[in-house]
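Heads up: the structure comes next, in structure tokens.
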Amino acid sequence: MEFAIPLVSPFSLDHTLDSGQVFRWRRTGEWWLGVVSGGAVKARQGGDMLRCVTSSDRLDSAFFTSYFRLDEDLESVLGSISKDKPITEAVEKFYGLRLVRQDRWECLASFILATNANIPRIKKMVAEISARFGRAFEFEGETYYAFPTPGDLAEATISDLRSGGLGYRAPFLKSAATAVNNGQVDFEKVASLPYEESRKLLLSELFGKKVLVGVGPKVADCALLYSFGKDEAFPIDVWMTRVISDSYPRLLSKPLRARLRRDGRARLSAKEYETVSRSVRRHFGRNAGYAQQYLFMAAREPGAGF
DNA sequence: TAGCAGGAAAATC
DNA sequence: GATTTTCCTGCT
């Protein structure tokens, strides 16, 4: 179907789809082409309208209003995080960038694959498992593949997944798919809890044994921010570690600050991650996740100095 | 070409 | 309990 959504609150389709949150969108000329919720969509922004052509009546205006969170007041969110110069500059530069409300399983699975990989590589892995294990469908004469369901991947063998270029991530993905498929992981329950507890649940810290192998602090924060609506989640990868070290050294303990200065590629231990996370969330407040996304964009800008 | 980039788990101190 | 090593592949 074809429709246009009037944009009443600031929005930048380019910044939003280019910010490393989503892995199934690509730019083709003036259009962005995406596979979302088992269907395909072509989208382009013109002035204050978002034009869409989709493969299914299910992917309608209401769907994308929710997907891009267009009914939320971005200006007030950005006002709430603009506490200092670095974030204010990032917000000006990437104005209109929004957090996307993704499918929970696709998001969790994608970020399990994202460990030790950059964005092009993550996109490649996600495309590969979709083509191999996802449902095929046609749109405008081309074949597309839905993201595989937990059931699809629970049935796949680890060696099939490995040969899709996933490497050591293959068993993690299969075990997560199995756990979700079995109902061992209750997404509704995760969504209903406040941030701190929802995180503990994903990390299996509320029970004895680890359910989601391959899901550590960073992956959990990505899933919570991008698909569970936990806007205070603040995923910290190596890029964010560099931004914090560079622009927010006072949020770090003295020894950690010194270590990060010595080694620009140092990684945080689990304990340090928790400490830094608390510190940045206290600084940016309930919309810290938006701050993270804007600072991530700024860090990845050519010329950011990293 | 060898070396680098990049989170979580396992191994080891 | 904290630090180090291993797990992979694409890119340069």
Side-chain angles (χ1 to χ4, degrees), chain A residues 19-23 26 106-132 153 156-180 185 199-205 207-227 233-246 252-256 258-260 262-277 280 289 292-293 295-297 299-302 304-306:
Chain A
S19 68
Q21 312 174 61
V22 289
F23 305 108
R26 66 167 207 270
E106 176 174 340
C107 184
L108 180 66
S110 298
F111 282 97
I112 287 174
L113 299 183
T115 68
N116 271 349
N118 55 24
I119 292 166
R121 178 147 183 230
I122 302 163
K123 286 186 170 178
K124 195 170 178 182
M125 287 188 280
V126 169
E128 184 69 24
I129 61 165
S130 299
R132 286 187 182 216
L153 292 179
T157 69
I158 288 175
S159 65
D160 280 346
L161 290 169
R162 251 181 215 284
S163 67
L166 308 196
Y168 66 85
R169 303 160 189 84
F172 296 164
L173 183 62
K174 166 136 179 158
S175 110
T178 306
V180 173
V185 181
R199 192 164 181 278
K200 284 179 181 162
L201 191 56
L202 273 191
L203 294 174
S204 319
E205 284 171 11
F207 327 110
K209 74 171 190 331
K210 188 101 176 131
V211 177
L212 291 171
V213 190
V215 177
K218 191 269 186 181
V219 172
D221 276 333
C222 288
L224 290 170
L225 180 61
Y226 303 137
S227 68
F234 192 101
I236 306 172
D237 67 350
V238 294
W239 294 92
M240 289 312 300
T241 306
R242 289 167 196 153
V243 178
I244 296 165
S245 166
D246 195 60
L252 303 171
S253 70
K254 270 166 284 173
L256 179 57
R259 205 182 97 224
L260 295 180
R262 274 200 310 279
D263 177 2
R265 307 197 13 249
R267 296 172 188 223
L268 304 179
S269 70
K271 196 165 233 175
E272 287 167 338
Y273 188 106
E274 300 311 316
T275 312
V276 176
S277 171
V280 290
Q292 183 273 345
Q293 209 62 30
L295 291 171
F296 182 78
M297 288 290 270
R300 297 187 55 93
E301 267 263 291
F306 294 113

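Since this is a predicted model, take the numbers as computed values, not measurements. Labels below follow one simple rule: chain letters A, B, ... track the order of the sequence lines, proteins then strands, and each chain is numbered from 1.
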Would you mind classifying the nucleic acid contact of A:Pro217 as base, sugar-phosphate or nothing, using non-hydrogen atoms under 4.0 angstrom?
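Since only primed, P, OP1 and OP2 atoms lie under 4.0 Å of A:Pro217, the category is sugar-phosphate.
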Whole-Å gap separating [atom2] ([N]) and [atom1] ([X]):
X        : N     : atom1 : atom2 : answer
A:Asp237 : B:dG6 : CG    : P     : 8 Å
A:Phe296 : B:dG6 : CZ    : C1'   : 11 Å
A:Leu268 : B:dA8 : CG    : P     : 11 Å
A:Leu161 : C:dC7 : CG    : C1'   : 16 Å
A:Arg169 : C:dC7 : CZ    : C1'   : 8 Å
A:Arg121 : B:dA5 : CZ    : C1'   : 10 Å
A:Ile122 : C:dT9 : CD1   : C1'   : 13 Å
A:Glu274 : C:dG1 : CD    : P     : 17 Å

Between A:Ser110 and A:Phe23, which heavy-atom pair has the shortest distance, and what is it?
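It is CB-CD1, 3.7 Å.
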Give me the atom names and distance for the closest heavy-atom approach of A:Ile112 to A:Gly214.
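The pair with the smallest heavy-atom distance is CG1-O, 4.2 Å.
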For [X] and [N], is the shortest distance between a side-chain N/O and OP1 or OP2 below 4.0 Å?
X        : N     : value
A:Trp239 : B:dG6 : yes
A:Lys218 : B:dA8 : no
A:Arg162 : C:dC8 : yes
A:Arg242 : B:dA5 : no

A:Val215 or A:Asn118, whichever maps to the more 5' nucleotide of DNA chain B
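With A:Val215 and A:Asn118 compared, the 5'-side residue is A:Asn118.
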A:Val238 or A:Phe172: which one's nearest nucleotide on DNA chain B is closer to the 5' end?
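Comparing both residues, the 5'-ward one is A:Val238.
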Candidates B:dA9, C:dC7, B:dA8 - which lies nearest the side chain of A:Val213
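The answer is B:dA9.
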Among C:dA2, C:dC7, B:dA9, which nucleotide sits nearest the side chain of A:Lys271?
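When the side chain of A:Lys271 is considered, C:dA2 is the closest of C:dA2, C:dC7, B:dA9.
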Residue of the set A:Leu225, A:Val219, A:Leu224 for which side chain to side chain contact (heavy atoms under 4.5 Å, CB included) holds with A:Pro235
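Going through the options one by one, the only one that passes is A:Leu225.
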Reference residue A:Val215; test side chain to side chain contact (heavy atoms under 4.5 Å, CB included); the match among A:Thr115, A:Leu108, A:Val185:
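By the side chain to side chain contact (heavy atoms under 4.5 Å, CB included) criterion, A:Val215 pairs with just one of A:Thr115, A:Leu108, A:Val185: A:Leu108.
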So, A:Lys218 side chain and A:Val238 main chain: donor-acceptor pair closer than 3.5 Å or not?
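Flag not set: sc A:Lys218 to bb A:Val238 has no pair under 3.5 Å.
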Between A:Lys124 and A:Asn116, who's closer to the 5' end of DNA chain C by nearest nucleotide?
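Nearer the 5' end of the strand: A:Asn116.
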